[in-house]
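One-based numbering, in listed order, for ligands and for the atoms of each.
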Amino acid sequence: MAGRVDLDGNPIKPITICMIGAGGFIGSHLCEKLMSETPHKVLAVDVSNDKIKHLLEPATLAWADRIEFHRINIKNDSRLEGLIKMADLTINLAAICTPADYNTRPLDTIYSNFIDALPVVKYCSENGKRLIHFSTCEIYGKTIGAFLPKDSPLRQDPAYYVLKEDASPCIFGPIEKQRWSYACAKQLIERLIYAEGAENGLEFTIVRPFNWIGPRMDFIPGIDGPSEGVPRVLACFSNNLLRREPLKLVDGGESQRTFIYIKDAIEAVLLMIENPARANGHIFNVGNPNNEVTVRQLAEMMTKVYSKVSGESSLETPTIDVSSKEFYGEGYDDSDKRIPDMTIINKQLAWNPKTSLWDLLESTLTYQHRTYAEAIKQAMSKSTAN
Ligand SMILES: NC(=O)c1ccc[n+]([C@@H]2O[C@H](COP(=O)([O-])OP(=O)(O)OC[C@H]3O[C@@H](n4cnc5c(N)ncnc54)[C@H](O)[C@@H]3O)[C@@H](O)[C@H]2O)c1
Ligand SMILES: O=c1ccn([C@@H]2O[C@H](COP(=O)(O)OP(=O)(O)O[C@H]3OC[C@@H](O)[C@H](O)[C@H]3O)[C@@H](O)[C@H]2O)c(=O)[nH]1
């Protein structure tokens, strides 16, 4: 760790980071990176620490004095301001961020993504502390191209679909499509942070993740999460593969996504943490434009990769179609296509993703198989015995 320098060749000084939502998917990978590769200290705030237990125990771990867990619900805990004051930088990851919740629990979604984030912004601004806030690629909503006729040649023109931080509009559906409650709440908190920067000098960076995936994402229903719960697509498809049931394609699986390996994305976040002069005042897309697939293609690729890593044959009927109403309920809607423009992050942080979709699925599904296959087998044999 000695002799670490930033992108401008200046030595990096150890800092204290208040990380809110540190016990989640992204937080767990960020904590791991900070502990193993940097001298920084983390005040890890979350309601749960299951995903970072391996970093907290035993007390003999090399970094034991650099990470502290605080079980705090930021909705109602007066200790939050003290922790933000103690830190040099606050990173806010806390949110409800699974699409199945957006249309079924819109109030919780809006409170979590807007109201609960307000005190964090306020404490940072009032105490002159830097903030890295996690927003989302959903902020772009639908592409302009989605409104063109299906056979329009303009649909092939990147001007109609590539998503640029400083140029693309935010296009959401009508209010009754409650899917957009999340994107809209994230948009308003972005605008508030931006305004705090403009009017009160808050030093901020906003991150817009584009479908980061990897180990520890969400939960496997009935194993380490509620049996009726619906996680994001990686965990849904992993669950289907582990149980040898067909993968469900919502509305034909035609939507497109670009997936990025969590470890590539974490490299970008570390650059933001350690290069404040280059990151402050910016909004960054963080994704992998080279890894675009339709959800159907993702299902096909995951089926192949899982068969390779588990040694099990694929099902004769690997996928089935399901309507969004049946799968998510009333008020669901979808983003059609998400390709991040990379100009700003390339220019400011000289960062690029590295891992192909096949490779990232191979390491992630190896983890899923190793972690869950046995537990699923036991749960399934128990339920057939009953
Ligand atoms: N993973 C992605 O691809 C992705 C994409 C776009 C945006 N994001 C954003 O990144 C952030 C982190 O996402 P993630 O994938 O790690 O999700 P996650 O659900 O795994 O992590 C969120 C964490 O925040 C915690 N949390 C929520 N409310 C809290 C509260 N009131 N008090 C304390 N802790 C609370 C949860 O317990 C959880 O551990 C979110 O803001 C999300 O909107 C993620
Ligand atoms: O079993 C499933 C699950 C999901 N899907 C589809 O797969 C696509 C991706 O779904 P995900 O659950 O990963 O979530 P989305 O990409 O739509 O949204 C995510 O985007 C970025 C973040 O802000 C959030 O983590 C989440 O809103 C959607 O089109 C969804 O309808 C299926 O076809 N089958």
How does [X] reach ligand 1, by side chain, by backbone, by both or by neither, if only non-hydrogen atoms under 4.0 Å count?
{"X": "Phe259", "answer": "neither"}
{"X": "Lys51", "answer": "neither"}
{"X": "Thr98", "answer": "neither"}
{"X": "Ser112", "answer": "neither"}

Lys186 heavy atom under 4.0 Å from ligand 2: no
In this structure, does ligand 1 have an atom that sits under 4.0 Å from one of the heavy atoms of [X]?
{"X": "Ser48", "value": "no"}
{"X": "Phe210", "value": "no"}
{"X": "Ala22", "value": "no"}

Nearest protein heavy atom to [atom], by residue and atom, and its distance?
{"atom": "atom 34 (N) of ligand 2", "answer": "Lys248 O, 2.7 Å"}
{"atom": "atom 17 (O) of ligand 2", "answer": "Arg257 NH2, 2.8 Å"}
{"atom": "atom 21 (C) of ligand 2", "answer": "Thr136 OG1, 3.7 Å"}
{"atom": "atom 33 (O) of ligand 2", "answer": "Val250 N, 2.9 Å"}
{"atom": "atom 20 (O) of ligand 2", "answer": "Arg338 NH1, 3.1 Å"}

Between [X] and ligand 2, which residue portion shows a heavy-atom distance shorter than 4.0 Å: side chain, backbone, both, or neither?
{"X": "Tyr332", "result": "side chain"}
{"X": "Asp334", "result": "side chain"}
{"X": "Phe210", "result": "neither"}
{"X": "Val233", "result": "both"}
{"X": "Arg208", "result": "neither"}
{"X": "Leu298", "result": "neither"}
{"X": "Glu138", "result": "side chain"}

Just jot down the ligand 1 atoms closer than 4.0 angstrom to any heavy atom of [X], in number order.
{"X": "Thr136", "value": "6 (C), 7 (C)"}
{"X": "Asn211", "value": "3 (O)"}
{"X": "Lys186", "value": "40 (C), 41 (O), 42 (C), 43 (O)"}
{"X": "Cys97", "value": "13 (O), 17 (O), 19 (O), 42 (C), 43 (O)"}
{"X": "Ile74", "value": "30 (C), 31 (N), 32 (N), 33 (C)"}
{"X": "Asn73", "value": "30 (C), 31 (N), 32 (N)"}
{"X": "Ile72", "value": "32 (N), 33 (C)"}

Tyr140 and Phe210 aromatic ring geometry - parallel, tilted or perpendicular at 30°/60° bounds: tilted
Under 3.5 Å: N/O of Cys97 near N/O of ligand 2: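 Looking only at distances, the answer is yes, because the N/O contact criterion of under 3.5 Å is met.
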Option with minimal heavy-atom separation from atom 1 (O) of ligand 2, where the choices are Gly252, Pro231, Cys236: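 Looking at heavy atoms only, Cys236 sits closest to atom 1 (O) of ligand 2.
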From the candidates Arg257, Lys75, Met217, Arg232, the one that places a heavy atom nearest atom 15 (O) of ligand 1: Arg232
Side-chain ion pair, Arg338 and Glu138, N-O less than 4.0 Å: yes
Heavy-atom donor-acceptor pair, [X] side chain to [Y] backbone, under 3.5 Å:
{"X": "Thr366", "Y": "Glu362", "answer": "yes"}
{"X": "Ser307", "Y": "Glu312", "answer": "yes"}
{"X": "Arg278", "Y": "Gln348", "answer": "yes"}
{"X": "Arg257", "Y": "Asp336", "answer": "no"}

Under 4.0 Å to a heavy atom of Tyr102 - the qualifying atoms of ligand 2, by number: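 Listed by number with element: 24 (C), 26 (C), 27 (O).
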